[in-house]
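Inspection log for the structure reproduced underneath, given as structure tokens.
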Amino acid sequence: MRPKAQGRDDIFLRSNRDIQLVKHHGRRISTALFNLLAYRMDEAPSRVGIIVGKRFGNAVRRNRAKRIFRELVRQSRSDLAPGRGLLVFPKRDALQQSRDGLVQAWRSSLERLELLRPRAY
RNA sequence: GUGGAAGACCGGAUGGUCGCUCGGUGUCUCUAGACAUCGAGAGGAAAGUCCGGACUCCAUGGGCAGGGCGCUGGAUAACGUCCAGGCGGAGCAAUCCGACACCAGCACCACAGAAAUCAAACCGCCGAUGGCCAUGGCGAUGGGAUCUCAUCUGGUCGCUACGGCUCAGGUAAGGGUGAAACGGUGGGGUAAGAGCCCACCGCGGUGGUGGUGACAUCACCGGCAGGGUAAGCGUCGCCCGGAGCAAGGCCAAAUAGGAAGACAUGCGCAGGCUCUACGCUUUGCAGGGGGCCUGUGCGCCGACUGGCCCGGUCGAGGUCUUCGGGUAGGUCGCUUGAGGUUCGAGGCAACUUGAAUCCCAGAGAAAUGAUCACCCAAGCAAAAGAGGGAAACUUCUUUGCGGGACAGAAUCCGGCUUAUAGGUCUUCCGUCCAC
RNA sequence: GUCCCCAUCGUCUAGCCUGGCCUAGGACAUUGCCCUUUCAAGGCAGUAACACGGGUUCAAAUCCCGUUGGGGACA
């Protein structure tokens, strides 16, 4: 909704309206490290929102979870199928998990929801 | 060597790759970005939001209410903070801790105890003095016996030493209760006792000396002034207008008047009585404050003056509160400041000041991340080598494992409090050994 | 971010302002017994709490300070 964010191709969901849309209509998948919601939207590039509640921990742990998942999204943005809105709810075990385990769980979840571009294979 | 006390500081380092935010410069597009390059990018507590300010808006005439602080002097923009000192307490000491002003009025002090604040007296002690009793003694009186004087004997009355009663009365030393019971110890004194008297200590008053002051100390006087709680109401002194950057300004967008409820009992003044630690013209009130009683006045249309009242202003018709409905975007505020570093000066210190120099985060569901390499502090394990030692053991080097806590700026400062792995340095105290 | 409020049995609460008879009262729930052929209802009895740590006081659920955990308001 912010014009500043509309101009460049933002890969993150920021508007509260879009987040509520995905949260109510999206398909849900759950792993030991995070929960994932996906919904087909109109706009061309797929966007991802990361939601960390207050119950997750103090400010240091909340920021760390958001940074780790933001990095995951950046590394896989070119493989994402277009037109989707995603929501990620990290769990506390994700902070203890190593990087390779996180990448594997993320990839397999995306495959199960058929969110990857076909040309990636 | 060992056990402590206080203070200051650090709080992983370096490099590569992929990324994020801001700023400068350049180019291209063209007014919004893209690319390239350079620079910068979390803390000692950023935290809790407990104090104090700056800043912004509202209010700004007076009074009351309300809140905070509380030994003294200083520092500071200010403070509940800091420094220096006084007093009290803890500790052998270095040192640490202290809401550390005031009990006049109102209120409370459960249980226990005789009694919880005007003082009184349950057990106990005494009963000198007064009262009652009276073995004994003395005196008076009259009777009887023996041979006259005289002696003996029992009776009545009065007084009384010793004594008894503990009646009047005296006493608060002792007992017991309690957190707390109208100074403590010792001696004299007394019927028993008691500051009744004396010495020392404590306490109060006056004066001197030292100190800016809190206070200390000395001398004299007073025989003792009369419980606790003010982190209960309160009094005294000092300070404080209210809200908070989601403050507030501008631009853009959106909505168009919905529903329910409430709308009269208080305040001031004067006089009298009483208490008073405050005040003073200094000893009793012409003041201030508290409590009680009596009389009287004003208001009982409304709103604003951001707690209330007066005063002021506005309006003559609704006003206020709550719920509901709409928009939830941008931009300024936004980081140069009671700023940092170095050197110098003043001050015991907190701190102040002069010069030079530096620019040191500004995000916006919220940037500092991910990964790799190589080092580093503490720790653990085992082996080898070297050194010291009689031994227990210990120091250094090499290798392996392991390995960094509490915690993330959000308008900005000064503090406090709380969390914090590990480490470094300085100063001081106690104790042991050697010289 | 800024500013407020709260914490009492398993749950909802009273007591806090004005400290003491608080060994903390009540309701629902729960446990045992009685009643009933049995269940329910009723009766009797029981278990069960002052968020935590300091301070003031003779004495703290109550007063003061700090910590922890909840809840709320705003443009």
Side-chain angles (χ1 to χ4, degrees):
Chain A
M1 294 302 290
R2 292 160 52 218
K4 187 175 167 186
Q6 271 179 347
R8 59 199 159 88
D9 46 354
D10 198 353
I11 60 169
F12 295 109
L13 267 179
R14 296 183 193 274
S15 162
N16 189 30
R17 178 169 293 169
D18 296 343
I19 289 173
Q20 292 299 323
L21 193 70
V22 175
K23 194 171 168 186
H24 285 114
H25 300 96
R27 291 177 56 206
R28 185 185 185 90
I29 187 174
S30 170
T31 72
L33 303 177
F34 54 86
N35 292 338
L36 186 66
L37 278 167
Y39 182 64
R40 181 178 295 275
M41 300 179 76
D42 302 334
E43 304 176 38
S46 282
R47 293 179 298 161
V48 183
I50 303 162
I51 297 185
V52 180
K54 201 172 184 179
R55 295 177 61 194
F56 191 85
N58 56 19
V60 173
R61 305 173 62 141
R62 292 198 303 267
N63 277 343
R64 183 159 178 80
K66 283 189 274 188
R67 282 164 182 162
I68 287 172
F69 278 89
R70 211 179 285 145
E71 184 67 23
L72 272 180
V73 170
R74 281 198 194 100
Q75 287 177 355
S76 60
R77 65 183 292 194
S78 59
D79 300 333
L80 273 177
R84 307 298 178 91
L86 301 178
L87 277 186
V88 185
F89 293 82
K91 294 184 180 176
R92 276 180 221 182
D93 295 337
L95 290 188
Q96 269 80 41
Q97 187 59 246
S98 72
R99 176 180 158 76
D100 292 340
L102 264 180
V103 169
Q104 281 199 348
W106 176 247
R107 287 272 170 183
S108 65
S109 301
L110 290 184
E111 283 175 22
R112 281 173 59 190
L113 285 174
E114 300 171 345
L115 291 175
L116 294 179
R117 279 176 200 256
R119 68 167 174 82
Y121 296 96

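Heavy-atom basis, side chains included; hydrogens, waters and symmetry copies ignored. Protein chains get the first letters and strands the later ones, always in sequence-line order, with residue 1 at the start of each. All of these numbers come straight from a predicted model, not from anything done at the bench.
- The separation between A/Asn63 atom CG and B/A363 atom C1' is 12 Å, rounded to whole Å.
- Dashed line: the shortest gap from a side-chain N or O of A/Arg70 to OP1 or OP2 of B/A367 is under 4.0 Å.
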Please list, pair by pair, any protein nitrogen or oxygen found under 3.5 Å from a nitrogen or oxygen in nucleotides 67-70 of chain C.
none

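- Nucleotide B/C323 is matched to B/G258 when pairs are restricted to Watson-Crick or G-U wobble geometry with both distances under 3.5 angstrom.
- Base pairing of C/C74 is made with C/G1, judged by Watson-Crick or G-U wobble geometry with both donor-acceptor distances under 3.5 Å.
- Anti is the glycosidic conformation of B/A120, whose angle departs from 0 by more than 90°.
- Within the 4.0 angstrom heavy-atom criterion, no nucleotide atom of any strand lies near A/Arg62.
- Each of A/Thr31, A/Val48, A/Ile29 was checked for a side-chain contact (heavy atoms from CB on, under 4.5 Å) with A/Leu36, and the lone residue meeting it is A/Ile29.
- A side-chain contact (heavy atoms from CB on, under 4.5 Å) with A/Ile51 is found for one member of A/Leu37, A/Leu87, A/Val88 and no other, namely A/Leu87.
- In this entry the base of B/C360 is syn relative to its sugar, with a glycosidic angle within 90° of 0.
- Projected onto RNA chain B by closest heavy-atom contact, A/Ile68 and A/Ile50 fall at different nucleotides, the more 5' of which corresponds to A/Ile50.
- Residues passing the side-chain hydrogen bond (donor to acceptor under 3.5 Å, both in side chains) test with A/Asn58, sequence neighbours excluded: none.
- With both pairing distances under 3.5 Å, B/A370 is matched to B/U17 as a Watson-Crick or G-U wobble pair.
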Show each protein N/O and nucleotides 16-19 of chain B N/O combination with a separation under 3.5 Å, one pair to a line.
| from | atom 1 | to | atom 2 | distance (Å) |
| --- | --- | --- | --- | --- |
| B/G19 | O2' | A/Arg74 | NE | 3.4 |

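- Looking only at side-chain heavy atoms (C-beta outward), A/Pro90 and A/Arg61 stay at 4.5 Å or farther from each other.
- For B/U72, the glycosidic angle deviates from 0 by more than 90°, giving an anti base.
- With a cut-off of 3.5 Å on both pairing distances, the Watson-Crick or G-U wobble partner of C/G69 is C/C6.
- By the side chain to side chain contact (heavy atoms under 4.5 Å, CB included) test, A/Arg27 is found to be paired with A/Leu113, residues two or more places apart in sequence or in another chain being considered.
- Applying the 90° criterion around 0 to the glycosidic angle, B/A42 comes out syn.
- At the phosphate of B/C20, neither OP1 nor OP2 sits under 4.0 Å from any side-chain N or O atom of A/Arg67.
- Partner assigned to B/C64 is B/G307, using Watson-Crick or G-U wobble distances below 3.5 angstrom.
- The CG-P distance, from A/Leu72 to B/G369, rounds to 16 Å in whole Å.
- Within the structure, the salt bridge (charged side-chain N to carboxylate O under 4.0 Å, His left out) test picks out the following pairs touching residues 62-72 of chain A (sequence neighbours left out): A/Glu71-A/Arg74.
- Among residues at least two apart or in separate chains, ring-ring contact (aromatic ring centres under 6.0 Å, His included) pairs with a member in residues 64-108 of chain A are A/Phe34-A/Phe69, A/Phe34-A/Trp106.
- Across all strands shown, B/G80 remains unpaired; no Watson-Crick or G-U wobble contact has both distances below 3.5 Å.
- Rounded to whole Å, atom P of B/A42 lies 17 Å from atom CZ of A/Arg64.
- Scanning for side-chain hydrogen bond (donor to acceptor under 3.5 Å, both in side chains) contacts around A/Ser108 gives an empty result, with sequence neighbours left out.
- Positionally, the nearest nucleotide of RNA chain B for A/Lys66 lies more toward the 5' end than for the other of A/Lys66 and A/Asn58.
- Glycosidic conformation at B/G44 (O4'-C1'-N9-C4 for purines, O4'-C1'-N1-C2 for pyrimidines): syn, within 90° of 0.
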